[in-house]
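First the proteins, then the strands, lettered A, B, ... as listed; each starts at 1.
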There are 2 protein chains.
Amino acid sequence: MGGRLTRQRAAVLRVLAGCQDFVSAQELHVRLDAAGVPVGLSTVYRALHALERTGQLDVVRDEAGERLYRPRPADGHRHYLICRCCGRSRPLDSDVVERWAERVGAESGFSAVEHTVELSGVCARCTGARP
Amino acid sequence: MGGRLTRQRAAVLRVLAGCQDFVSAQELHVRLDAAGVPVGLSTVYRALHALERTGQLDVVRDEAGERLYRPRPADGHRHYLICRCCGRSRPLDSDVVERWAERVGAESGFSAVEHTVELSGVCARCTGARP
DNA sequence: CTCGTAATGGGATTCATTTTCATATAGCCT
DNA sequence: AGGCTATATGAAAATGAATCCCATTACGAG
Ligand SMILES: [Zn+2]
Ligand SMILES: [Zn+2]
Ligand SMILES: [Zn+2]
Ligand SMILES: [Zn+2]
């Protein structure tokens, strides 16, 4: 990340790395409190923006439109299948989509083409637990 | 749509059909006023929800998270390439993605799998007009 | 250590969307 | 046609994520 390494940013990175699934800024804020490192909400948002800008996070939106963040593996962005019930996510093998998006973008006459691809469903565990 | 056919719902459908691109609820509300058929904002939202529930609309989110609606062609949902600058959109041939999403969903053990696919870029016209 | 500047945070603000609830009306029944 | 009732409307208030403001703090270069 470009800026200074403050106590708060270190904490955001550490707690975020400890999350195996997508978290919202608000959740992260609460978890930081719980971890004994209170960080202002504005600062959480700023840290997330910085991480997003430098490509260290994958971002999705839940059904309410809230942004959810997850640390991105080193080798490029991923797309995920997320359980609408419990929130657990698994990364997908999305080569097919990456190539499709690239081709469509190239053929379109548009520049700076970006893509959003998200899958959601109900995972096996949640299906079983649902009366 | 399930419910009653009121003056307001008719107007929403009519104005929406006259839009060749994605519109937000707020924009639609303004256009209804301009068209001489004032409709309460709540009612616009309710009508859009109803249309969405019955699969008559395609929905995307702009970069600010605002929901944008566009009438869906009769034969199933579409995915779009949208200009981040002017908002113009063109439907894509997304067979490849549909099949990929279906396969991935089937292999995942998740049920009720849904997908979101959006492409955005800057259209030729906007690229030219950009100093 | 000193200083300049970037970063922080609490509160206020914005703004799309939702909710509330009193009123209006579509559409069925007689 | 006239009445009735579940449904729909809309103005205003509530909600809630995200952003802005700005006085204060503290990183880190020199
Ligand atoms: Zn689940
Ligand atoms: Zn991708
Ligand atoms: Zn454009
Ligand atoms: Zn599709």
Side-chain angles (χ1 to χ4, degrees), chain A residues 1-16 19 22-54 56-70 82 87 116 118, chain B residues 1-16 19 21-54 56-70 82 84 87 116 118:
Chain A
M1 182 161 41
R4 297 174 181 176
L5 181 61
T6 61
R7 180 180 67 79
Q8 291 86 343
R9 291 191 182 176
V12 166
L13 283 168
R14 178 158 30 79
V15 172
L16 203 53
C19 299
F22 284 92
V23 226
S24 68
Q26 311 267 352
E27 270 173 40
L28 194 55
H29 178 230
V30 169
R31 291 201 196 191
L32 282 160
D33 260 0
V37 195
V39 175
L41 188 53
S42 322
T43 303
V44 173
Y45 275 107
R46 280 188 289 244
L48 289 171
H49 284 164
L51 292 168
E52 189 182 354
R53 238 181 295 120
T54 55
Q56 299 174 66
L57 296 179
D58 283 320
V59 187
V60 300
R61 279 177 185 285
D62 67 13
E63 43 216 326
E66 194 175 4
R67 296 168 86 102
L68 306 179
Y69 302 87
R70 172 174 164 152
I82 304 174
T116 299
E118 293 171 25
Chain B
M1 185 158 42
R4 296 174 180 173
L5 181 59
T6 60
R7 179 180 67 80
Q8 291 88 340
R9 292 189 181 176
V12 167
L13 283 167
R14 177 158 31 79
V15 172
L16 203 53
C19 300
D21 269 310
F22 283 92
V23 224
S24 69
Q26 311 265 354
E27 270 172 39
L28 194 55
H29 177 229
V30 170
R31 291 202 196 189
L32 282 159
D33 261 359
V37 194
V39 175
L41 188 53
S42 325
T43 303
V44 173
Y45 276 106
R46 281 188 287 243
L48 289 172
H49 284 162
L51 291 168
E52 189 181 353
R53 237 180 297 120
T54 55
Q56 299 175 66
L57 297 180
D58 284 320
V59 187
V60 299
R61 279 179 186 285
D62 67 13
E63 44 216 324
E66 194 175 6
R67 295 168 84 103
L68 306 179
Y69 302 87
R70 172 174 163 153
I82 304 174
R84 282 191 297 272
T116 298
E118 293 171 26

Nearest-Å distance for atom pair NE2/P, residues His29(A) and dT19(D): 15 Å
Non-hydrogen side-chain atoms of Leu48(B) and Leu16(B) separated by less than 4.5 Å: yes
Thr6(B) side-chain N/O to dT9(D) phosphate OP1/OP2 under 4.0 Å: yes
Selected nucleotide, minimal atom distance to His49(B) side chain, candidates dA18(D), dT8(C), dT18(C): dT18(C)
Interatomic distance, Gln26(A) CD vs dA18(D) C1' [rounded to whole Å]: 8 Å
Among dA18(D), dG28(D), dA16(C), the one nearest Ala25(A) by side-chain distance: dA18(D)
Proximal nucleotide (of dT17(C), dG10(D), dA7(C)) relative to the Val39(B) side chain: dG10(D)
Any Ile82(B) side-chain heavy atom under 4.5 Å of Phe22(B) side chain: yes
Nearest-Å distance for atom pair CZ/C1', residues Arg7(A) and dG28(D): 17 Å
Point-to-point distance, once rounded to the nearest 0.5 Å, from OG1 of Thr116(B) to CZ of Arg61(A): 11.5 Å
Non-hydrogen side-chain atoms of Val39(B) and Leu28(B) separated by less than 4.5 Å: no
Gap between atoms CD and P, on Glu66(A) and dA17(D) respectively (whole Å): 5 Å
base_contact_polar (dA18(D) base, Ser42(A) side chain, donor-acceptor, <3.5 Å): no
Distance test, side-chain N/O of Thr43(A) to OP1/OP2 of dG9(C), below 4.0 Å: yes
Length of the CD-P vector between Gln8(A) and dG10(C), whole Å: 10 Å
Leu13(B) side chain near Leu51(B) side chain, heavy-atom distance below 4.5 Å: yes
Sugar-phosphate, base or nothing in reach of Leu41(B), heavy atoms under 4.0 Å: base
Distance test, side-chain N/O of Arg9(A) to OP1/OP2 of dA7(C), below 4.0 Å: yes
Value in whole Å for how far the C1' atom of dG10(C) lies from CG of Asp33(A): 13 Å
Straight-line distance of Tyr69(A) OH to Glu27(A) CD, nearest 0.5 Å: 12.0 Å
Would you tabulate the pairs of protein nitrogen or oxygen atoms and nucleotide nitrogen or oxygen atoms of nucleotides 3-5 of chain C closer than 3.5 angstrom?
| unit_1 | atom_1 | unit_2 | atom_2 | d |
| --- | --- | --- | --- | --- |
| dT5(C) | O2 | Arg4(A) | NH2 | 2.9 |

Value in whole Å for how far the P atom of dA17(D) lies from CG of Leu48(A): 14 Å
Residue Tyr45(B), side-chain atoms from C-beta onward, closest of dT9(D), dA16(C), dG10(D): dA16(C)
Spacing between Arg46(B) atom CZ and dT20(C) atom P, to the nearest angstrom: 12 Å
Modelled atom types, side-chain donor and acceptor of Gln26(A) and Ser24(A), under 3.5 Å: no
